[in-house]
K.L.:
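Can you keep this structure in mind? I'll have questions shortly.
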Amino acid sequence: MTSAPIAVALDAPDLETAARWAALVTPHVSTVKVGLELYLRYGPDVIASVRGATGVQVFLDLKLHDIPNTVSGAARAVARLKPAILTVHAAGGRTMIQAAVDAAPHTRIAAVTALTSLSEADLERIGVRGPAGDAVRRLAVEAVGAGAQALVCSPREVAAVRAEVGPEIMLITPGVRPPGAAAQDQARVATPERAVADGADLLVIGRPITGAADPGAAAAAIAATLRRVVSG
Ligand SMILES: O=c1ccn([C@@H]2O[C@H](COP(=O)(O)O)[C@@H](O)[C@H]2O)c(=O)[nH]1
């Protein structure tokens, strides 16, 4: 059985919890994601801990956003950990994204377009006028032009982004919630079924899995749903 295209967000307060979640979900999913909470607390050692013996892909979600020289150095520093994916903010601009791509040639650089926690009203308040989808598409085109091999967007925009950037770019969607699950701090959300049907390649799912009584069973259930969508 092939594992489902899900990156489980290991947003845990301690390494033991993150490693336990990783062990429970890796039979069912392709990827585990390390974000700021774990990386800032434990540093590079966290990668080996969550990778375990299984060789599951590790997605390092640091959302780098700084001047190109600084991002280049940061990307080079983490490239030695061999993450499959590393995030940068698309809003950092072309030169910054290109710097990350050049500094980590064996890692897929994914550009985060507009955070899925931002509603249209939030985006308007920070000066992003018009429908969220328009801004996301603009940022996506810029990022791909700079060499990003993957994009992070909400599942609500994934069909439009796919139409804009074509089939080769990996589209990654956080803001995924199973039917009936609470959105929590996410604003632009959709179900796993919709995300995949609209063209997402990798679904980032955290709390709906890690907050479940049995994270392994929760991951298996969502993986089974995705298999049904894919097999029609
Ligand atoms: O736009 C973005 C970019 C990254 N994230 C990250 O994804 C997970 C989502 O976790 P949930 O518990 O499923 O909400 C989290 O690690 C974020 O840092 C995102 O949500 N939106």
Side-chain angles (χ1 to χ4, degrees), residues 4-13 17-18 21-22 24-25 28-42 46-47 50 57-65 83-92 97 108-120 122-123 126 128 132-133 135-140 143 148 150-158 160-161 170-196 200-212 215 218-219 221-223 225-226:
I6 296 170
V8 177
L10 303 175
D11 294 324
T17 305
W21 287 344
L24 289 170
V25 302
H28 311 291
V29 307
S30 66
T31 309
V32 293
K33 187 176 85 67
V34 170
L36 291 171
E37 182 177 2
L38 269 188
Y39 196 82
L40 292 181
R41 190 176 291 266
Y42 296 103
V46 75
I47 303 295
V50 302
Q57 287 200 116
V58 178
F59 173 173
L60 189 51
D61 187 16
L62 298 184
K63 299 185 189 69
L64 302 177
H65 192 176
I85 302 168
L86 171 68
T87 49
V88 302
H89 268 292
I97 296 168
R108 199 188 287 262
I109 299 298
V112 178
T113 55
L115 290 170
T116 53
S117 54
L118 299 172
S119 65
E120 301 241 344
D122 293 326
L123 288 165
I126 58 169
V128 181
V136 168
R137 276 189 291 114
R138 276 197 306 275
L139 286 161
L151 296 163
V152 179
C153 63
S154 99
R156 296 202 188 164
E157 293 112 32
V158 72
V161 173
M170 179 188 231
L171 299 186
I172 303 171
T173 57
V176 173
R177 289 292 180 267
Q184 298 160 303
D185 56 352
Q186 298 285 4
R188 304 193 324 282
V189 298
T191 63
E193 294 91 321
R194 176 166 167 199
V196 164
D201 297 301
L202 183 65
L203 278 50
V204 177
I205 308 178
R207 291 163 289 181
I209 291 175
T210 58
I222 298 173
T225 304
L226 297 188

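Quick note: residue numbers are just sequence positions, from 1. What's counted below: heavy atoms across the whole structure, side chains too, no hydrogens, waters or symmetry copies. Read the numbers this way: they start at 1 and go in the same order the structure lists the ligands and their atoms.
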K.L.:
Measure the spacing between CD1 of Ile109 and CG of Leu86 and express it to the nearest 0.5 Å.
P.N.:
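Answer for the CD1-CG pair, Ile109 versus Leu86, is 4.5 Å.
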
K.L.:
Distance to 0.1 Å, residue and atom name: give those for the protein heavy atom nearest to atom 15 (C) of ligand 1.
P.N.:
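Nearest protein contact, heavy atoms only, for atom 15 (C) of ligand 1 is Asp11 OD2, 3.3 Å.
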
K.L.:
Give yes or no for whether the N/O distance cutoff of 3.5 Å, strictly under, is met between Asp185 and ligand 1.
P.N.:
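Asp185 vs ligand 1: no N/O contact under 3.5 Å.
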
K.L.:
For Ser117, is at least one N or O under 3.5 Å away from an N or O on ligand 1?
P.N.:
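The answer is no, given that Ser117 and ligand 1 share no N or O pair closer than 3.5 Å.
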
K.L.:
Considering heavy atoms of the protein only, find what lies nearest to atom 11 (P) of ligand 1 and give residue, atom and distance to 0.1 Å.
P.N.:
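So the nearest neighbour among protein heavy atoms is Arg177 NH2, 3.6 Å.
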
K.L.:
Donor-acceptor pair, Thr31 side chain versus Ala7 backbone, under 3.5 Å?
P.N.:
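Checked: no pair found.
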
K.L.:
Any idea which heavy atoms bring Leu38 and Leu10 closest together, and the distance?
P.N.:
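Leu38 and Leu10 have their closest heavy atoms at CD1-O, 3.3 Å.
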
K.L.:
For the backbone of Leu62 and the side chain of Thr87, can you confirm whether one donor and one acceptor N or O come within less than 3.5 Å of each other?
P.N.:
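Yes: the side chain of Thr87 pairs with the backbone of Leu62.
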
K.L.:
Closer than 4.0 Å to some heavy atom of Lys63 - which atoms of ligand 1 meet that?
P.N.:
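With Lys63 as reference, the close atoms of ligand 1 come out as 3 (C), 4 (C), 18 (O).
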
K.L.:
Can any side-chain N or O of Thr17 pair as donor or acceptor with the backbone N or O of Pro13 at less than 3.5 Å?
P.N.:
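No; zero donor-acceptor contacts below 3.5 Å.
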
K.L.:
Please give me the minimum heavy-atom distance between Val204 and Ala9, naming the atom from each residue.
P.N.:
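Val204 and Ala9 have their closest heavy atoms at CG1-CB, 4.3 Å.
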
K.L.:
Tell me if a side-chain donor or acceptor on Arg156 pairs with a main-chain N or O of Val189 at a distance below 3.5 Å.
P.N.:
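Flag set: sc Arg156 to bb Val189 pair under 3.5 Å.
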
K.L.:
Quick test: of every protein heavy atom, which one is nearest to atom 21 (N) of ligand 1, and how far off is it to 0.1 Å?
P.N.:
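Nearest protein contact, heavy atoms only, for atom 21 (N) of ligand 1 is Thr116 OG1, 2.6 Å.
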
K.L.:
Would you mind listing which atoms of ligand 1 come within a distance below 4.0 Å of any non-hydrogen atom of Ala9?
P.N.:
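Contacts of ligand 1 toward Ala9, numbered from 1: 8 (C), 16 (O).
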
K.L.:
Can you name the atoms of ligand 1, numbered from 1 with element, that are less than 4.0 Å from a heavy atom of Arg207?
P.N.:
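The list of qualifying atoms is 11 (P), 12 (O), 13 (O), 14 (O).
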
K.L.:
Tell me, which protein residue and heavy-atom name are nearest atom 7 (O) of ligand 1, and how many Å apart are they?
P.N.:
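So the nearest neighbour among protein heavy atoms is Val204 CG1, 3.4 Å.
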
K.L.:
Which residue and non-hydrogen atom of the protein lie closest to atom 20 (O) of ligand 1, and at what distance in Å?
P.N.:
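The protein heavy atom lying closest is Gln186 NE2, 2.7 Å.
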
K.L.:
I'd like to check which ligand 1 atoms, numbered from 1 as shown, lie under 4.0 Å from a non-hydrogen atom of Asp61.
P.N.:
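The atoms of ligand 1 under 4.0 Å from a heavy atom of Asp61 are 4 (C), 6 (C), 18 (O).
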
K.L.:
Would you mind listing which atoms of ligand 1 come within a distance below 4.0 Å of any non-hydrogen atom of Pro174?
P.N.:
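Numbered from 1, ligand 1 contributes 2 (C), 3 (C), 4 (C), 5 (N), 7 (O), 19 (C), 20 (O), 21 (N).
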
K.L.:
Can you tell me which residue and heavy atom of the protein come closest to atom 13 (O) of ligand 1, and the distance to 0.1 Å?
P.N.:
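In this structure, atom 13 (O) of ligand 1 has Gly206 N, 2.8 Å as its nearest protein heavy atom.
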
K.L.:
One thing to verify: whether Asp122 and Arg188 come together as a salt bridge, which I'm taking to mean a side-chain N less than 4.0 angstrom from a carboxylate O.
P.N.:
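Asp122 and Arg188: not salt-bridged.
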
K.L.:
Just checking, is any N or O donor in the side chain of Gln186 or Ser117 under 3.5 Å from an acceptor N or O on the other one?
P.N.:
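Note: Gln186 and Ser117 side chains miss the donor-acceptor criterion.
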
K.L.:
How far is atom 17 (C) of ligand 1 from the closest protein heavy atom, and which atom is that?
P.N.:
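Looking at atom 17 (C) of ligand 1, the protein heavy atom closest to it is Lys33 NZ, 4.0 Å.
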
